[in-house]
**Student:** 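I'd like to ask you about the structure that follows.
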Amino acid sequence: MPEAASASFSARADSSLAVSWPMRVRDPRLGLIERWLRYAVPGILAVFLACLVGLAALHIQGQRAEILAGAKAEVEGFARLAARAIVPSAGKASDLRVLMPESERHPGRRLLLVRPDTRIAAAHPPLPSDATTLAQVLGDSEPLSGLGERAGAMALDLPGGESVLAAIHSLPGGAGQVAVLQPIEPLMRGWSARARDQIVLVGAAILVIVGVGLAYGLQSRQATRADRAREQIRGRLETALRRGACGLWDWDIARGRIYWSDSMYALLGYQRQHEYLSFGAVNALVHPDDGDLYSLARGLAAAQTCVDHAFRMRGADGAYVWLRARAEVMPDATDGGRHLVGIATDITEQRALEETNAASDMRLRDAVEAISEAFVLWDTGNRLVLCNSKFRHLHALSPEDAQSGRSYTDVMGRGVLPQVRRESPEAGLALTDMAARTFEAELTDGRWLQISERRTKDGGYVSVGTDITSLKRHQEQLQASERELIETVKDLKRSRRTLELQTQQLADLAERYLDQKAAAEAASQAKSEFLANMSHELRTPLNAIIGFADVMENAVLGPLGTPRYTEYCRDIRESGSHLLSMIDDILNMARLEARRVRLNPRPIPAEAAVASALGLVEAAARDKGIALGVDVQPGIELLADPSAMQQILANLVQNAVKFTPAGGRVAVRVRRAGASTHLFVEDSGIGIPRADLARLGRPFTQVEAQMTRSHKGSGLGLAITRSMVELHGGSLRIRSEETVGTVVLVRLPAPAAEQKEQPGRAAGTKREAVRPGARRSAAA
């Protein structure tokens, strides 16, 4: 037997445990042939049926062609003989009757005597009175009269729909022609009967072959299902054995060979090489100290029927694995021998656990013996489990008297109870009344013992007796000092409670302050970092996406292949532009919140500002059919930052166009009102519910329900607009009615006379971007 490091049991056992286990290894070539036949046999049968039908059809068609060919030859020969036998000068119907007497051999045959002008001189059997020419009998488009004898016998369809074989021969001296007409249908009667018989015979053969093929297919399918079920059951059993760390054995005692399941090989780390293992190969793996299989075989020979044996076997890595084999002898009905069939379970962990428990028990006993207290442990039946020498000395017990397993009565009856002078008041309580108790007892020799008894989880109890004599003496000395300190301690306790309460309150306040301060600083830092990163990390890729989408949409480098790609590029560009505008809104709102926006207000013409804002929405308004109106008094100027004013007007006008349905109107009016300038943006849009007006202007607020939103947007446009207006020292108000429209009023300070005259000085004044209330919140 090779060493464990190179030990290998290779193989394969194509067996399904508990179904067809064990069985001999099947030749792979036979399996390949079997799989090939499962598909080849139905194909061969189909090809055979196709060939059979084809041959039968060709045979029937050949018979018909043979009959027609013989009929053509006969008709042509008959026409030739008739042309020689008829006397042109005396050709009559009686002569034709003599040439073609009544006979069943040629049913329906007709003989015609045709004059040189194609008129029919005589016919047998007679023709209808209206058929006087050969063209009327054969049809206007017949080629027979033109070709004559060169055409031979031809198949023609008469004007009445009848199919005939016709032949024409000229009379000697050009006196006319003789035409013979033979109907095809009477000739085919015998052929039709034979064809039906052959079709019935071929159909019966097809039914038989199809039935055989179906039976073969069903049997093959059933065999395939049986193989799959066998493999599935085998796989499940192997999985169960492997998960349970078990292996299946089958020991053929008579032949001296042993079968192992795949899980048994996996348990020991070997690979299968043969279907069966020899008795000696398996016995060499058993540990020498655990016996061998020969003794087990002798026991089985002595009529032993069951086996329950624990032993060690060497694994592939050289380490021994503890196994517990449970098996039973079963007779083999095929050869009359006996098999030992059972399961071997890996109990290595169990053995290791037992050894660990034994070592732990030994350490526990040493630890109990080393403690300075008297220790005893009783089980749920009041039997001794464990005690140390201090307990035996206290009760005057010998090691033989204090053996494990003896009852409480027996142990205490052999010992001597210590004489107790006094006990603590709770000594009279029984252990059954509570889960634990502790009491002190003074012995007659002056020693004090503290006895602690507690219930264990299994219903027993443990008792520990500690010598507390020195503690008791110190306790008496301390009691006198304790009385003197009681009053002082009472005063100190009152002061300490007050100080502790105040200290706790201050600590709570300080902790909350530090937490809030840390949270605010972290939020501020996170916001600053987020804004710093967002400007670059989002704008840069979005600009690239928008740019490349525009290049592909305009096909700068060539066509994309299909028009739908252009639509996709347009959608990408529009979505990127929308996302970029949302990012711009978020950044603008963040800059306003962070007071990083500085304005440079100066007088600007109201007409130019309104026209510039309306120019941004003209295309969208034109697409929706919205009428744009402007009503600005001449000469009105707005005291505002040009870019900020552009953003305010653009946001308001874009919102108006966005929420106005097709065919509506949007108007912008500018009026002077004392020391202020009023700017109105009106629309006939969907309106805003009265309950939602108070929420407008808050960041990320949109009136429409989240699940029914029909317009895209970040919800920051109106908030930015309100903040910008307030930065200019103005205000924003909204009036709206559902289904009627919305009016937004922007009130701005009017430019003073000196600001109009000295625009440079006005341009030099800058206003910091601080919203009303922002300074109050920052100060808080």
Side-chain angles (χ1 to χ4, degrees), residues 599 601-690 692-694 696-697 703 711 713 717-753 755-756 759 762:
L599 301 179
R602 63 175 180 269
I604 58 176
E607 290 181 330
V610 172
S612 177
L614 291 178
L616 299 176
V617 297
E618 283 182 354
R622 190 184 312 110
D623 294 340
K624 297 177 66 176
I626 297 175
L628 298 178
V630 180
D631 184 6
V632 181
Q633 293 180 353
I636 294 182
E637 292 183 341
L638 303 174
L639 181 59
D641 184 273
S643 61
M645 195 64 216
Q646 176 74 11
Q647 188 173 4
I648 292 171
L649 289 173
N651 287 343
L652 294 178
V653 174
Q654 287 175 354
N655 279 346
V657 173
K658 181 193 302 183
F659 295 100
T660 300
R665 62 177 181 82
V666 174
V668 180
R669 294 186 294 113
V670 181
R671 293 288 186 271
R672 187 69 176 267
S676 302
T677 302
H678 289 179
L679 190 148
F680 300 89
V681 178
E682 303 175 4
D683 63 74
S684 60
I686 60 178
I688 304 170
R690 184 179 300 273
D692 295 327
L693 287 175
L696 288 178
V703 174
H711 302 90
L718 198 55
I720 295 173
T721 302
R722 183 184 293 274
S723 299
M724 287 290 187
V725 171
E726 292 175 354
L727 284 175
H728 286 83
S731 62
L732 185 144
R733 288 190 298 173
I734 301 174
R735 285 189 309 169
S736 181
E737 185 176 353
E738 290 185 86
T739 70
V740 175
T742 303
V743 178
V744 180
L745 167 61
V746 177
R747 184 187 61 82
L748 294 173
Q755 290 176 327
K756 293 182 179 180

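For the numbers below, each heavy atom of this structure counts, side chains included, while hydrogens, waters and symmetry mates do not. Along the sequence shown, the residues carry numbers beginning at 1. All of these numbers come straight from a predicted model, not from anything done at the bench.
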**Student:** Please report the interatomic distance CD(E637) to CG(L748), rounded to the nearest 0.5 Å.
**Tutor:**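 Those atoms lie 13.5 Å apart.
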**Student:** Between V681 and N655, is the side chain to side chain contact (heavy atoms under 4.5 Å, CB included) condition met? List the steps.
**Tutor:** CA-CA 10 Å; V681 178; N655 279 346; over 6 Å; no
**Student:** Does the pair L652 and T721 meet the rule for a side chain to side chain contact (heavy atoms under 4.5 Å, CB included), with working shown?
**Tutor:** CA-CA 8 Å; L652 294 178; T721 302; 4.0 Å; yes
**Student:** Could you measure the distance from the CG atom of L679 to the CG atom of L649? Nearest 0.5 Å is fine.
**Tutor:**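 Reported to 0.5 Å precision, the distance equals 5.5 Å.
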**Student:** Working to the nearest 0.5 angstrom, can you tell me the gap between I648 CD1 and R722 CZ?
**Tutor:**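 Atom-to-atom, I648:CD1 and R722:CZ are 12.0 Å apart.
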**Student:** Taking all atoms of both residues into account, what is the closest heavy-atom pair of R672 and P751, and its distance?
**Tutor:**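 Minimum heavy-atom contact is NH2-O, 4.1 Å.
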**Student:** Who passes side chain to side chain donor-acceptor pair (under 3.5 Å) against E618, sequence neighbours left out?
**Tutor:**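 By the side chain to side chain donor-acceptor pair (under 3.5 Å) rule, E618 matches no residue at all.
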**Student:** Side-chain contact test, heavy atoms from C-beta onward, threshold under 4.5 Å: evaluate it for V630 versus E607 and give yes or no.
**Tutor:**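 Sidechains of E607 and V630: no contact.
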**Student:** How would you list, by chain and number, every residue that makes a side chain to side chain contact (heavy atoms under 4.5 Å, CB included) with S676, sequence neighbours excluded?
**Tutor:**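 By the side chain to side chain contact (heavy atoms under 4.5 Å, CB included) rule, S676 matches H678, R747.
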**Student:** Starting at CG of D683, measure out to OG1 of T660 and round the result to the nearest 0.5 Å.
**Tutor:**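 Nearest 0.5 Å value for the CG-OG1 distance: 4.0 Å.
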**Student:** Can you sort out the partners of P642 under side chain to side chain contact (heavy atoms under 4.5 Å, CB included), two or more places apart, ordered by chain and number?
**Tutor:**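 Side chain to side chain contact (heavy atoms under 4.5 Å, CB included) list for P642, sorted by chain: R602, I604.
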**Student:** If the condition is side chain to side chain contact (heavy atoms under 4.5 Å, CB included), which residues does A606 pass it with, not counting sequence neighbours?
**Tutor:**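 Per chain and number, A606 pairs via side chain to side chain contact (heavy atoms under 4.5 Å, CB included) with V632, I636, L638, V670.
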**Student:** Using the salt bridge (charged side-chain N to carboxylate O under 4.0 Å, His left out) rule, collect all pairs that involve residues 659-671, keeping only residues at least two apart or in two chains.
**Tutor:**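 Applying salt bridge (charged side-chain N to carboxylate O under 4.0 Å, His left out) to every pair that reaches into residues 659-671, excluding sequence neighbours, yields D631-R671, R669-E682.
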**Student:** Which pairs would a plain distance check flag for residues 738-745, meaning a side-chain donor or acceptor within less than 3.5 Å of a matching protein atom at least two apart in sequence or in another chain?
**Tutor:**
| unit_1 | atom_1 | unit_2 | atom_2 | d |
| --- | --- | --- | --- | --- |
| T742 | OG1 | S736 | OG | 2.9 |

